Amino acid sequence: MPRLWPVHVLPAVVPEGESPRSDVVSVRLARKVAVLFGVPWLGGPFDRTWVCDFGALTLAEIARGAPLPSREEQARMDGAAGEAPPAGWRWAGRGVWTPQRSPAPGVVANATLNRFGPDTKAAVVLTGANRLLREATDAVGAVSRWLATSGADPQVRLATWAGVVLEVFRAQPALVVAAVQARSVQRSLTARWGDSVATSAVVGEVARCELGARAAPIGEDDAAAGGVGRVGGYQPVGFDLVDATLPLLDLTIADAAGDGSDRFSDDRLGDVADAWCRRLLRLGRPGHGLVWLTDDRGHRRVHAYLRVGAMVAPFVAEMVDTTPGPALTRLPVSPSPAELAGLSRAGLRAHVVAVHVAVNYLRYRDELLQGWPALRAATRAWVADTVSVANQRLGPDDPATILITSYGCYLALWDQLRQAPRDTAAVRVAAERLVVCADQVMAAVDAGQVDPGAGTYLLEIANVALAQASAVLDRPVGIERALARQWRACLAARGLGEAADIAARVPELSPAQLFHLLHYASFLAERGERTQLRRALVMAEAVTAVRDEVARTEPAAYTAKHTAARTAHEVTARIAHTLAGRLPDRDRHARLTARAAALRHAVAVLDNATTQRLLLRPDADAAVVSAAAAILPPLVEALHGDPIGVGEYTVRQARALLGSALLHLERSAGSTTSAPSDPAMTAATADPQEAELLALAERFAEAGHLPLRPIDTESQRR
């Protein structure tokens with residue numbers, strides 16, 4: 001038997017033991033469906049799991065719970081076989097051969113399968129998936145009922161619900177995708193469009209299948225099992241995880257006055273469910289997470305790396321108006337201890353995940369961080385309370401506890417890095433604690449307490465925060481070594497193998513894989529060696545191309561839509577500029593190429609839609625400092641060397657960005673200097689990035705350009 005599967009927070013559960021008579025069919029189907037879509041069943045006759053394509057899977061394969069050999073292989077083995085094997089079957093590659101395709105052990109009879117419809121395969125898969133996910137569905141339902149009474153606005157409720165469903169997807173992507181596809185087939189075939197057609201002008205008889213024919217009555221067996229057209233029964237049309245939990249949110253539509261008085265209609269709820277199902281099918285495409293296949297001695301399954309905020313924010317923006325309103329002044333009210341005491345283990349885990357999702361979503365929306373000054377502290381405290389509850393109720397080794405604990409360590413450091421003025425000692429303490437948390441995550445992944453998808457997510461966000469902390473703390477050896485080993489573990493968990501080979505493999509990597517390599521490229525570049533810089537630039541250039549395309553093709557309009565692309569251009573500009581400065585004179589062509597790339601990406605940052613919003617916003621934040629520090633070095637170098645190649649519009653945008661960045665530094669330091677563009681500001685008390693920016697401001701002024709104040713009045717905007 002292979003080693004035990006990694007523990008997921010909200011996994012599918014294969015029913016074992018005896019079942020009530022009313023549940024026997026769904027239990028048998030659940031066991032067959034489970035192994036075909038990567039969910040292990042310890043009692044299965046074949047000791048193997050597959051990851052099948054719903055479209056390619058046949059009803060006969062579902063009935064036996066194993067793929068069939070090809071027709072050619074079946075014929076060859078039939079011709080070569082002597083006596084039937086003792087077990088009644090034999091391996092044919094990864095398929096299961098039986099003589100003349102005779103029934104395999106435990107096969108579900110055709111008479112049972114043929115009771116399902118209107119599409120038998122879709123109905124059977126949907127029935128099996130609903131049964132496998134019954135426990136997870138109940139947990140999501142409990143979260144939905146809590147959200148309905150939590151005081152959260154519709155955006156936060158919908159985002160949190162979608163994120164918890166996403167956690168169920170992450171535990172078994174192949175099963176959820178198959179259920180979504182089956183749901184689509186069933187809903188399409190059971191939609192009675194003819195009921196909306198007036199037939200009074202047609203007289204005479206009608207054929208059985210014509211419009212106007214009376215629908216067949218529900219049989220006794222169908223009625224006992226739930227009835228035709230309901231979620232369940234022999235003609236299931238709903239994926240319970242989505243369709244049975246979404247209405248529990250009690251979503252409302254806000255009117256012009258901001259009152260949420262009108263509940264979502266059934267049709268609108270159906271549209272919301274359909275939209276989220278469509279987005280679930282896109283997970284694994286560029287910008288929509290990363291999924292990969294693994295094999296453990298014949299047992300195959302899919303793992304998923306997902307960024308919750310990036311997944312749910314465009315969906316919520318598509319479905320609900322996300323303009324901040326008066327309701328977004330407090331967090332949802334947490335369940336009482338008595339309410340938590342009545343929950344199952346899965347229900348407790350779902351509530352922990354819900355806190356993680358809600359905080360992710362709220363912090364992902366830049367406009368909320370700007371307009372809600374207390375949001376960072378409030379969400380950090382909420383996570384800390386949830387860590388305490390998780391440790392008490394679930395234990396420190398539970399995957400949900402590990403998730404929220406590591407996330408809390410990340411938030412503590414991330415927010416310390418954004419304090420003004422910054423407390424270097426507090427940053428050091430938070431960084432050291434996050435290193436310990438990351439080591440615990442790596443150990444948990446190795447022990448199977450956390451799945452690889454969650455592990456690589458937690459390690460990557462830790463690495464992003466630690467990289468910034470390392471720069472602030474002048475790159476202490478302990479943190480630098482921690483970053484190196486955590487990146488190795490992160491990439492290995494993601495299925496990318498040895499980190500040293502990734503740059504050379506860029507042409508063969510998928511766009512989805514490339515999308516998430518930006519931070520690793522930045523880590524390589526910070527090591528400063530020419531070889532590492534070259535590798536980092538190859539990766540970063542590929543990342544920017546993918547992220548630009550993702551931003552261009554995303555239909556939903558929301559504030560952070562272009563942020564990932566802007567960040568990629570910032571990192572690539574910095575890498576290219578650093579590489580150009582490290583190349584020797586004999587590599588003049590390579591140096592010119594790197595400088596041109598740095599300038600090109602700097603201009604792309606200035607042209608990005610999110611940069612334009614930064615320039616129009618009077619309350620500048622740390623994002624403008626990061627952008628200015630990335631794009632000004634190549635731009636200043638061009639202005640001193642070849643100013644003709646830099647357009648007037650680019651210079652003006654750079655001047656405005658630099659002015660905003662200096663104003664932010666001035667406010668952060670509590671300065672009373674009247675002019676934010678004053679180059680006499682010293683770098684004695686600034687961190688390395690701030691010192692670099694102040695030096696760049698002087699060189700920018702030497703080129704004949706003084707930074708502009710941010711645009712802070714309506715007349716100036718016009």
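All of these numbers come straight from a predicted model, not from anything done at the bench.
The shortest distance between side-chain heavy atoms of L166 and W276 falls below 4.5 Å. A 4.5 Å side-chain heavy-atom check between Y457 and L403 finds at least one atom pair inside the cut-off. In this structure, the side chains of L496 and L509 come closer than 4.5 Å at one or more pairs of heavy atoms. The shortest side-chain heavy-atom distance between L68 and W97 does not fall under the 4.5 Å cut-off. For the pair P399/Q449, no side-chain contact is recorded, criterion being any heavy-atom separation below 4.5 Å from C-beta on. P118 places a side-chain heavy atom less than 4.5 Å from the side chain of T190. Taking 4.5 Å as the limit, some side-chain heavy atom of F169 sits within range of a side-chain heavy atom of L306. Between S510 and P286, the closest side-chain pair of non-hydrogen atoms is not below 4.5 Å.
For the pair R279 and F315, the cation-pi criterion (under 6.0 Å, within 45° of the ring axis) is not fulfilled. Both tests pass for R547 against the ring of F515: distance under 6.0 Å to the centre and angle within 45° of the axis. Geometrically, K121 engages F54 in a cation-pi contact defined by less than 6.0 Å to the ring centre and at most 45° from the axis. Both tests do not hold together for R64 against W89: distance to the six-membered ring centre under 6.0 Å, angle to the ring axis within 45°.
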Kindly indicate, with the supporting measurements, whether the criterion side chain to side chain donor-acceptor pair (under 3.5 Å) is fulfilled by H299 and D295. CA-CA 6 Å; H299 287 251; D295 187 296; over 6 Å; no

Steps toward side chain to side chain donor-acceptor pair (under 3.5 Å) verdict (W292, Q513): CA-CA 10 Å; W292 64 97; Q513 290 169 316; over 6 Å; no

Verdict with reasoning, V143 to V353, per side-chain contact (heavy atoms from CB on, under 4.5 Å): CA-CA 10 Å; V143 168; V353 171; over 6 Å; no

List the steps, then state whether side-chain contact (heavy atoms from CB on, under 4.5 Å) holds for M539 with L518. CA-CA 7 Å; M539 283 190 282; L518 181 68; over 6 Å; no

Evaluate D451 against R170 for salt bridge (Lys or Arg N to Asp or Glu O under 4.0 Å), listing each step before the verdict. CA-CA 10 Å; D451 68 279; R170 200 176 57 73; 2.6 Å; yes

Take V35 and R48 through the side-chain contact (heavy atoms from CB on, under 4.5 Å) test and state the conclusion after the steps. CA-CA 7 Å; V35 295; R48 183 162 291 187; over 6 Å; no

Worked verdict on N130 versus T127 for side chain to side chain donor-acceptor pair (under 3.5 Å): CA-CA 5 Å; N130 282 336; T127 299; over 6 Å; no

Carefully, step by step, assess E541 and T572 under the rule side-chain contact (heavy atoms from CB on, under 4.5 Å). CA-CA 7 Å; E541 292 266 30; T572 310; 4.3 Å; yes

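We find the CG-CG distance between L132 and L241 to be 12.0 Å, quoted to the nearest 0.5 Å. Interatomic distance, M442 CE to L458 CG, rounded to the nearest 0.5 Å: 12.0 Å. To the nearest 0.5 Å, atom CG of residue N463 and atom NE2 of residue H519 are 9.5 Å apart. The structure places CZ of R301 at 10.0 Å from CG of L175, a figure rounded to the nearest 0.5 Å. To the nearest 0.5 angstrom, R297 atom CZ is 10.0 Å from D47 atom CG. Remark: R183 CZ to L280 CG distance equals 10.0 Å, nearest 0.5 Å.
Among residues two or more places apart in sequence or in another chain, the ring-ring contact (aromatic ring centres under 6.0 Å, His included) test is passed with F37 by none. W50 pairs by the ring-ring contact (aromatic ring centres under 6.0 Å, His included) definition with nothing, not counting sequence neighbours.
With respect to D240 and R134, no salt bridge is recorded, no charged nitrogen being found less than 4.0 Å from a carboxylate O. Under 4.0 Å is where a charged nitrogen must lie from a carboxylate oxygen, and between E460 and R494 at least one such pair does.
Summarising the geometry of A400 relative to V352, their closest heavy-atom pair is O-CG1, 3.5 Å, with the distance given to 0.1 Å. The minimum heavy-atom distance linking T120 with L113 is given by the pair CG2-O, 3.2 Å. In terms of heavy atoms, V302 sits closest to P173 at O-CD, 3.5 Å. Smallest separation of non-hydrogen atoms from V242 and A273: CG1-CB, 3.7 Å. Here the closest heavy-atom approach between residue R28 and residue G106 is recorded as NH2-O, 3.4 Å. For the pair V357 and T160, the tightest heavy-atom approach, listed with the atom from each and the gap, is CG1-CA, 3.6 Å.
Side-chain atoms of S184 and Q181 form no donor-acceptor pair, as typed in the model, at a separation below 3.5 Å.
The main-chain N or O of P103 is never found under 3.5 Å from a side-chain atom of T98 such that the two would form a donor-acceptor pair. Between the E210 side chain and the A207 main chain, a donor and an acceptor come within less than 3.5 Å of each other. The backbone N or O of S70 sits nowhere less than 3.5 Å from a side-chain atom of E73 that would complete a donor-acceptor pair. No side-chain donor-acceptor contact under 3.5 Å links T456 to the backbone of A493. Side-chain N or O atoms of T112 include none that pairs as donor or acceptor with a backbone N or O of V108 at under 3.5 Å. Of the possible donor and acceptor atoms, one in the side chain of Q186 sits under 3.5 Å from a partner among the backbone N and O of P236.
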Mind listing the side-chain donor-acceptor pairs of residues 6-15 below 3.5 Å, one per line with the distance, residues two or more places apart or on another chain?
{"residue": "H8", "atom": "ND1", "partner": "P6", "partner atom": "O", "Å": "3.4"}

